[in-house]
Enquirer: 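Could you have a look at this structure, given as structure tokens, before my questions?
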Amino acid sequence: MTQFLLNQHVISIENVDPNLTVLNWLRNDQRRCGTKEGCASGDCGACTVVVGTAEEGKIRYSSANACLLLVGQLHGKQLLTVEDLAHHGELHPVQQTLACGHASQCGFCTPGIVMSTFVMCKHAPQADSATVAHHLGGNLCRCTGYRPIVEAAMQLLKSPVTDSFPEHEAETVQRLQGIGAQSSENLLMPESLDALAAAYLHYPQARLLAGGTDLNLLITQAHQRHARLISLARVSELNDIELQGNRLTIGAMTSLDRCQRELKTSLPAFSEMLDRFASWQIRQQGTLGGNLANASPIGDCAPALLAMEARLRLRCGSQTREVPLAEFFTGYRQTLLQAGEFITHILIDDVTLSRGLRLWKVSKRREDDISAVFAAINLDVERGVIVRARIAFGGMAATPARAYRCEAALTGQPLNQETFTSAAKALTAEFSPLSDFRASADYRLQVAQNLLKRYLLQMTTTAHAVEVKDYVR
Ligand SMILES: Cc1cc2nc3c(=O)[nH]c(=O)nc-3n(C[C@H](O)[C@H](O)[C@H](O)COP(=O)(O)OP(=O)(O)OC[C@H]3O[C@@H](n4cnc5c(N)ncnc54)[C@H](O)[C@@H]3O)c2cc1C
Ligand code: FES
Ligand code: FES
């Protein structure tokens, strides 16, 4: 049975449909129509809800796109919608401030913006416009204009927001902790790595569900129905980041948001890049393992990890093996995973070898957009000579790929323009990118070559004339 709290009401659902989204459940079954459907693909944020998780005696709030969240994923959690915020007939301070700040016009986006802002305030981050963009970048508004929304959010960040939720926190934690294991035929939720391995071996045709930000698009966009899902959500062994010496091990279920927060020191370029990954809602829900297993040629983490020579630990039944990420992708959206096999961990043997790593994502919008080209360039230079080159691209081939010819053109050569001109030429022989609605083949190749030159500029210009965060239209 799937069990969760809808604010403070216990919801129990026998044999939950593994294809039922929280958005459809709220609007159709509960008639809670404050949560809106804009795109049903995680892009607009109109359906943003809040999910509370009991962690270390407290509730950790995160925002999620209800259109890409399954009801089964709520097991053991608390769900809050815009209907839950007003208290004793008074608007919540977030609602009040947005209303008084004229931050809503037609109001369609407003419930989603309210919920994202609520979570932002609960995390009490620094009050600056970059913080607001980070937390609200996944909420589109087509008519108000963003200035009043940003101003209202900034005002809320200046002093702590007080509401009635802390009064119920201890009781909510207790009630969530009292919810036991979930068991249903078509949505399995194993509670350990061994149980997961056994379940997947038993049902190799089932689909693994991590955050669901890719998988659930099949339901809402391709109108597919999953017969059986196996959720990885309650396998704690998959949700950990461990740095031992210089060796980093990241559990496959670690959210992209957690990677961004916790890898700031060990992998600063990677952490900084994640600010350009989708939206805050998606980063809190989506996982690193899901991003790699999805095997998209334009996924952002794969090229970055390829340039760090990452390896994957895989598990099938009782067998474990490790493979270089460079061997993992076997074709367009294909991997070497066998039936019943899954990723347990992402391994980086030596984080210090990523000091020369620079990452660039080129997309049409800064917030919440998919890469046209992603470049990951990692060079070790000693006394002006490139001694080691690890370069990978996304968007340039059917899979994320290392640029071996380009690496060969750089290795052993001086760090100068001539070297980079021949390395850029090597890229022409190495890749034949596709033309699609994101970019033409010529554009992709030109951008890849220019990013290579940008690396040289960054290495040789002390003023850092070129900003890492730049994006190109
Ligand atoms: C609006 C939007 C914006 C996005 N923006 C970006 C972006 O900027 N950059 C980007 O790279 N991606 C982006 N994505 C894609 C997606 O968010 C990421 O790929 C995310 O990391 C997927 O992780 P997940 O946990 O949600 O995976 P899921 O959707 O749960 O799973 C994805 C696939 O991997 C399989 N899988 C999951 N975990 C494992 C495992 N441990 N072992 C084996 N198989 C597994 C699943 O069965 C499924 O086939 C975006 C998606 C949306 C909807
Ligand atoms: S409806 Fe647009 S993000 Fe969910
Ligand atoms: S107020 Fe109309 S879409 Fe934002």
Side-chain angles (χ1 to χ4, degrees), residues 21-23 35-49 64-70 73 98 102-113 138-146 148-149 196 200 206-218 220-221 226 229-233 235 238 251-256 259 273-279 281-304 312-316 328 333 335 337 340-346 361 363 365 367-371 374 394 400:
T21 64
V22 171
L23 181 62
T35 307
K36 302 286 182 255
E37 174 167 356
C39 61
S41 59
D43 288 293
C44 74
C47 66
T48 304
V49 291
N65 299 117
C67 64
L68 291 186
L69 188 66
L70 300 176
Q73 290 178 274
L98 285 163
H102 304 286
S104 175
Q105 206 172 93
C106 78
F108 192 82
C109 68
T110 308
I113 288 180
N139 290 86
L140 302 188
C141 173
R142 63 186 175 170
C143 54
T144 302
Y146 293 104
I149 297 171
L196 167 63
Y200 199 26
R207 296 300 301 261
L208 292 183
L209 172 67
T213 62
D214 275 314
L215 191 71
N216 298 342
L217 285 171
L218 294 177
T220 64
Q221 302 299 299
H226 300 300
L229 295 177
I230 303 178
S231 165
L232 281 56
V235 180
L238 296 182
M253 275 301 283
T254 310
S255 76
L256 296 154
C259 288
M273 176 281 284
L274 287 174
D275 207 45
R276 295 281 319 279
F277 190 110
S279 62
Q281 288 95 321
I282 298 280
R283 290 193 296 270
Q284 291 169 98
Q285 193 66 31
T287 63
L288 187 55
N291 192 239
L292 298 177
N294 194 49
S296 164
I298 45 175
D300 290 335
C301 296
L312 300 181
R313 187 175 295 148
L314 310 178
R315 169 96 184 243
C316 184
F328 183 68
R333 302 198 80 126
T335 70
L337 286 174
E341 192 171 40
F342 57 94
I343 306 170
T344 65
H345 294 91
I346 295 95
K361 169 169 176 166
S363 57
R365 276 197 320 252
E367 269 89 27
D368 202 0
D369 202 1
I370 306 281
S371 297
F374 189 104

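The residues of the chain are indexed from 1 along the displayed sequence. Counting starts at 1 for both ligands and their atoms, in listed order. Just so you know, these numbers come straight off a predicted model, no measurement behind them.
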Enquirer: What atoms in ligand 1 come closer than 4.0 Å to a heavy atom of Leu256?
Expert: 21 (O)
Enquirer: Could you tell me whether some N/O pair between Gly211 and ligand 1 is separated by less than 3.5 angstrom?
Expert: yes
Enquirer: Under 4.0 Å from any heavy atom of Gly299, which atoms of ligand 1 are there?
Expert: 11 (O)
Enquirer: For atom 45 (C) of ligand 1, tell me which residue out of Pro400, Ala293, Ser296, Gly286 has the closest non-hydrogen atom.
Expert: Ala293
Enquirer: Identify which of Asn65, Leu218, Asp214 has a heavy atom lying nearest to atom 15 (C) of ligand 1.
Expert: Asp214
Enquirer: Need the ligand 1 atom indices (1-based, order shown) with element for anything under 4.0 Å from a heavy-atom of Ser41.
Expert: 1 (C), 53 (C)
Enquirer: Regarding atom 7 (C) of ligand 1: of the candidates Ile282, Leu238, Thr220, Asp300, which has the closest heavy atom?
Expert: Asp300
Enquirer: Does Asp300 pair with Arg276 as a salt bridge, N-O distance under 4.0 Å?
Expert: no
Enquirer: For atom 42 (N) of ligand 1, state which one of Asp43, Ile343, Leu312, Thr335 supplies the nearest heavy atom.
Expert: Ile343
Enquirer: Can you tell me if, anywhere in Cys141, an N/O/S atom lies at a distance from atom 4 (Fe) of ligand 3 that is smaller than 2.8 Å?
Expert: yes
Enquirer: Is the closest N or O pair between Ile370 and ligand 1 shorter than 3.5 Å?
Expert: no
Enquirer: About how many Å separate CD of Gln281 and SG of Cys44, when rounded to the nearest 0.5 Å?
Expert: 9.5 Å
Enquirer: Which residue from Thr213, Leu215, Leu68 reaches closest to atom 48 (C) of ligand 1 through any of its heavy atoms?
Expert: Leu215
Enquirer: Judging by distance only, is a nitrogen or oxygen of Leu208 under 3.5 angstrom from one on ligand 1?
Expert: yes
Enquirer: Evaluate Leu337 for polar contact with ligand 1, using N/O atom pairs at a separation under 3.5 Å.
Expert: no
Enquirer: For ligand 1, which atoms, with element, lie under 4.0 Å from some heavy atom of Asp368?
Expert: 1 (C), 3 (C)
Enquirer: Contact between ligand 1 and Lys361 is defined here as a heavy atom of the residue under 4.0 Å from a ligand atom; is it met?
Expert: yes
Enquirer: Are any of the heavy atoms in Leu314 under 4.0 Å away from ligand 1?
Expert: no
Enquirer: Does any donor atom in the side chain of Ser41 or Asp43 lie under 3.5 Å from an acceptor atom in the other side chain?
Expert: yes
Enquirer: May I ask you to list the atoms of ligand 2 that are less than 4.0 angstrom from any heavy atom of Gly42?
Expert: 3 (S)
Enquirer: Using a 4.0 Å heavy-atom threshold (strictly under), name the region of Asp43 that reaches ligand 2: side chain, backbone, both or neither.
Expert: backbone
Enquirer: Which ligand 3 atoms are under 4.0 Å away from a heavy-atom of Gly107?
Expert: 1 (S), 2 (Fe)
Enquirer: Which protein non-hydrogen atom lies closest to atom 3 (S) of ligand 3, naming both residue and atom, and how far is it?
Expert: Arg142 N, 3.2 Å
Enquirer: Report the nearest protein non-hydrogen atom to atom 5 (N) of ligand 1: residue, atom name, distance rounded to 0.1 Å.
Expert: Ala278 CB, 3.1 Å
Enquirer: Looking only at distance, does Thr287 have an N or O less than 3.5 Å from an N or O of ligand 1?
Expert: yes
Enquirer: List ligand 2 atoms under 4.0 Å from Asn65, heavy atoms only on the residue side.
Expert: 3 (S)
Enquirer: Considering the heavy atoms of Cys47, write down every atom of ligand 2 situated less than 4.0 Å from one of them.
Expert: 1 (S), 3 (S), 4 (Fe)
Enquirer: Should you measure from each heavy atom of Gly45, which atoms of ligand 2 turn up under 4.0 Å away?
Expert: 2 (Fe), 3 (S)
Enquirer: What are the atoms of ligand 3, with element, lying closer than 4.0 Å to any heavy atom of Cys106?
Expert: 1 (S), 2 (Fe), 3 (S)
Enquirer: Considering only non-hydrogen protein atoms, determine which one is nearest to atom 28 (P) of ligand 1 and report residue, atom name and distance to 0.1 Å.
Expert: Gly212 N, 3.5 Å
Enquirer: Which atoms of ligand 3 sit under 4.0 Å from any heavy atom of Cys143?
Expert: 1 (S), 2 (Fe), 3 (S)
Enquirer: Note the single closest protein heavy atom to atom 12 (N) of ligand 1, along with its residue, its atom name and the distance in Å.
Expert: Phe277 CZ, 3.3 Å
Enquirer: Do you know the tightest heavy-atom contact between Gln73 and Leu68?
Expert: OE1-O, 4.0 Å
Enquirer: Ligand 2 versus Ala40, non-hydrogen atoms closer than 4.0 Å: side chain, backbone, both, neither?
Expert: backbone
Enquirer: Using a 4.0 Å cut-off to any heavy atom of Cys39, which atoms of ligand 2 qualify?
Expert: 1 (S), 2 (Fe), 3 (S)
Enquirer: Looking only at non-hydrogen atoms, which of Ala210, Cys44, Cys259 approaches atom 38 (N) of ligand 1 most closely?
Expert: Ala210
Enquirer: For Cys44, take its heavy atoms, then give the atoms of ligand 2 lying under 4.0 Å from any of them.
Expert: 1 (S), 2 (Fe), 3 (S)
